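Down below is the structure, laid out as structure tokens.
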Amino acid sequence: MMNIDAARNTFFEEAQELLRQMEEILLAFEAGIQDGEAVNALFRAAHTIKGSAGLFGFEEVVGFTHVVESVLDRLRSSAIDIGDELVGLLLDSGDHIGTLVSAAASGSPPDEAALARGGTLIVRLRTFLPRPTETPLAREVLPEPEPALAASGGGPLGGVDTWHLSLRFGADVLRMGMDPLAFIRYLTTLGDIVHLETLCEALPPLEDFDPEACHLGFELDLRSAASRQEIEAVFEFVQDDAQIRIVAPYAKTEEYIALIHALPEDPARLGEILVAGGALTRRELELALMAQAQTAEAGGRRLGEILSDSGAVSAPVVDAALDKQKRGEERRAAETRSVKVPADKLDRLIDLVGELVIAGAGTQLLAGRTRQGELIESASQVTRLVEEVRDAALRLRMVQIGEVFGRFPRVVRDVSRELGKDIELKLSGAETELDKSMVERLGDPLMHLLRNAMDHGLEPAAERLVRGKPARGTVSLAARHESGSIVIEVQDDGRGLDRERILKKAIEKGLVQESQSLGDTEIDRLILQPGFSTAERVTNLSGRGVGMDVVKASIEALRGSIEINSRPGEGTCMRLTLPLTLAIIDGFLVGVGGAHFVLPLEMVVECIELPAAGEADGREYLDLRGRVLPFLRLRELFEVPQSAPRRQNVVVVQYGGRRAGLAVDSLMGECQTVIKPLGVLFEKLRGISGSTVLASGEVGLILDVPQLIQAATGREGRPLESAARQRAIQS
């Protein structure tokens, strides 16, 4: 069945991607990077959006984008120059196109404010267009040719100023979501259709009729000043599944005759259509058919030869067209190597792979109990293949974080103008890959961190010059892989955090007591508290006390952590550390009494023996080869009832450059871990990030290593209390 909704959704996705491309090109222009091919890409993007919108009848998108396209066409032909004013106008126009596309996606018309904004933009855009003598869409009128006979026996020139189009759509275009009438309707944006006939000769008998197949052909005459390239571009999305033949105004009669003989319908019928449309007179048709019949024995000539020999199109142009067609076929062949897959299907695949991992681990355990060598070997091979399938499935969901980074150059541009600051954005590591589901959820936290850096962090130019800094401030956004995690840093070269002011504000809000003594790191982390803000006034960017706590919550929901490093007068760095994926990890299984816990394997550094009872009692640190290692006892932390064994072990874990030890009863080795989310009741449980089903069928808890390290090192003021102590404090 034909799925028009799927085709529309594809248009909405591609339109947003094209708008992002336009924005990147315009920002490059503003930075002084100019490229002729970039101008062509800008025009093609607008033209594609307009053409696709016309196919689905989104008239608001078509009407506004047509004006933008006209301005870009003048820019492409060097009739106007690119400048800051035009770049800003085109950026605003791209935003408005995005608004219109979003409205079309929601199925509701644009609101009055959007329409008013669009009208204002059109007025500004038309200042870059030549003043028409009639209407903004007035067409040039081609001069009437003088009657002439073609040289060397050629037929007379046609006597009309219209383009003639012969359209034969493939039988499957309807199933592909294409509406032939939409193409014809879109032609009216280029000119006036003065004659149209529908050919029904290919319709099958009623008993063989397929309502999802297209059997119609169209012959039409279009009066337009558009170029052949513009008219051909109308059919860009269907050119591989249709026969599109175009004859230019005032073409030689021979071209029409070649057209008649190239089409499958009855020549007499097509000849009548051409006569009815005014392309040929009846006498021209009869004489030309007689002349054509005389050369039929020689097999006729190809249309390209006719066009070239008649002088209508030069031979180099024909060769160039054939070369372009060949390159287009090669490009389409390359595109077929990639396939777009809906995200929900990938999610389903990951879920199934997760269940396969659990089942494979169970099979491996049962095989080991049988002590049959061949069965154990076979189960090991299955486990190895399952691991490869798991890795391949996870790679399918990995995308470059540049997908998020690409949004921010425009944000920095707009915010810098709003604040009156000169700000440069430096991006690095945009090619770093992580799970797509995480990329989609990182946009808002990173947006807020960038806005904070520009608003709170960077000083005005005059203040920077007084401090001996360059007038232009710099905000850096970098990503990299580190120890099986991804690290994202948002850094500025501004004034740094004012710790004295932060502490004063925290005391006023009752977040800390005046008698408390806090270190620099603890003071810095106060800005992550809900409702905390040091802004003296509320602006469009900040001052409401909503944001940094939301950033922290968003990062922790991704099983990540946020670290703040600030130097007064030098700047601030917000360091986010996140796992690469949220679905499946390699784990290290440990036991405490009858409970099982899983640690992410990439965070495990080494395992050592806990000193004998009495030696480590009451202490919260160990001597690890001359270095202080803070550690936690999981038995006390989670109130495991069984008594501790005589010998215990310490698993040394590392995250974000910090280390800590976790005291456990037993080390049970590596395991593949499918992460299952905790229920609503346990969402706020600290120290636990999820659960998993072990090979034995038991449930294991996945430890939140970043939180445990923070607790062990006292990064948040005090260690993580046990549940009993928390209940005692609350009571």
Side-chain angles (χ1 to χ4, degrees), residues 361-362 364-369 371 376 585-655 658-673 682 685-715 718-728:
Q364 181 75 19
L365 180 64
L366 293 175
R369 291 175 181 174
R371 299 184 180 181
I376 294 174
I585 61 171
D586 286 321
F588 185 76
L589 186 62
V590 298
V592 179
H596 298 87
F597 300 97
V598 178
L599 298 166
L601 184 61
E602 70 270 7
M603 300 181 188
V604 176
V605 178
E606 61 179 313
C607 299
I608 60 176
E609 185 176 351
L610 183 68
E615 185 178 342
D617 287 349
R619 292 167 48 186
E620 297 180 348
Y621 63 90
L622 296 173
D623 181 358
L624 180 63
R625 295 185 291 276
R627 296 179 58 184
V628 175
L629 178 73
F631 78 99
L632 292 174
R633 301 175 187 272
L634 295 187
R635 176 179 302 280
E636 297 177 1
L637 187 65
F638 297 113
E639 295 186 337
V640 178
Q642 291 92 339
S643 58
R646 187 174 60 86
R647 295 182 58 184
Q648 297 184 67
N649 299 281
V650 174
V651 181
V652 181
V653 291
Q654 176 177 293
Y655 187 78
R658 291 170 286 166
R659 289 189 177 189
L662 302 176
V664 301
D665 292 352
S666 57
L667 308 175
M668 307 172 72
E670 299 180 16
C671 64
Q672 293 186 62
T673 304
F682 303 101
L685 184 62
R686 301 183 65 202
I688 302 294
S689 62
S691 62
T692 187
V693 178
L694 303 175
S696 61
E698 298 177 281
V699 174
L701 296 177
I702 302 173
L703 297 180
D704 191 331
V705 172
Q707 283 192 356
L708 295 179
I709 291 179
Q710 287 177 0
T713 57
R715 286 295 180 117
R718 56 190 172 87
L720 205 65
E721 293 101 358
S722 68
R725 288 185 60 188
Q726 291 181 14
R727 286 196 298 270

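When reading the values below, keep in mind they use all heavy atoms of this one structure, side chains included, and skip hydrogens, waters and symmetry mates. In this chain, residues are counted from 1 in sequence order. As the structure is a computational prediction, the values presented were derived from the model and not from experiment.
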By side chain to side chain donor-acceptor pair (under 3.5 Å), which residues pair with [X], not counting sequence neighbours?
X: Gln364; answer: Ser380, Thr383
X: Glu698; answer: Ser696
X: Asp665; answer: Arg635

Side-chain touch [X]/[Y], heavy atoms, less than 4.5 angstrom:
X: Glu606; Y: Leu624; value: yes
X: Val592; Y: Phe638; value: no
X: Leu667; Y: Cys607; value: yes

Where is the tightest heavy-atom contact between [X] and [Y], given as atom of each residue plus distance?
X: Val699; Y: Ser691; result: CG1-CB, 4.3 Å
X: Met668; Y: Val590; result: SD-C, 3.9 Å
X: Leu599; Y: Leu703; result: CD2-CD1, 3.3 Å
X: Ala712; Y: Pro630; result: O-CB, 3.4 Å
X: Val605; Y: Gln654; result: CG2-CB, 3.5 Å
X: Val705; Y: Pro600; result: CG2-CD, 3.8 Å

Please list, chain by chain and in numerical order, all residues satisfying ring-ring contact (aromatic ring centres under 6.0 Å, His included) with Phe588, sequence neighbours excluded.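 Testing Phe588 for ring-ring contact (aromatic ring centres under 6.0 Å, His included), a comparison that skips the adjacent residues, returns none.
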State which residues pass side-chain contact (heavy atoms from CB on, under 4.5 Å) with Ser689; sequence neighbours excluded, sorted by chain then number. Arg559, Ile702, Asp704
Distance (rounded to the nearest 0.5 Å) between [X] [atom1] and [Y] [atom2]:
X: Arg633; Y: Leu610; atom1: CZ; atom2: CG; answer: 5.5 Å
X: Leu622; Y: Ile608; atom1: CG; atom2: CD1; answer: 5.5 Å
X: Glu609; Y: Gln648; atom1: CD; atom2: CD; answer: 10.0 Å
X: Leu589; Y: His596; atom1: CG; atom2: NE2; answer: 6.0 Å
X: Leu662; Y: Leu708; atom1: CG; atom2: CG; answer: 5.5 Å

Chi angles and distances behind the side-chain contact (heavy atoms from CB on, under 4.5 Å) call for Val651, Val604: CA-CA 7 Å; Val651 181; Val604 176; 3.8 Å; yes
My understanding is that only residues two or more places apart in sequence, or in another chain, count here; which of them pass salt bridge (Lys or Arg N to Asp or Glu O under 4.0 Å) with Arg627? none
Answer yes or no: are there more than 12 heavy-atom neighbours, outside Glu670 itself, under 6.0 Å from its atom CD?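 At most 12 heavy atoms, drawn from other residues, nucleotides or ligands, come within 6.0 Å of this atom.
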Step by step, work out the side-chain contact (heavy atoms from CB on, under 4.5 Å) result for Val652 and Leu629. CA-CA 9 Å; Val652 181; Leu629 178 73; 3.9 Å; yes
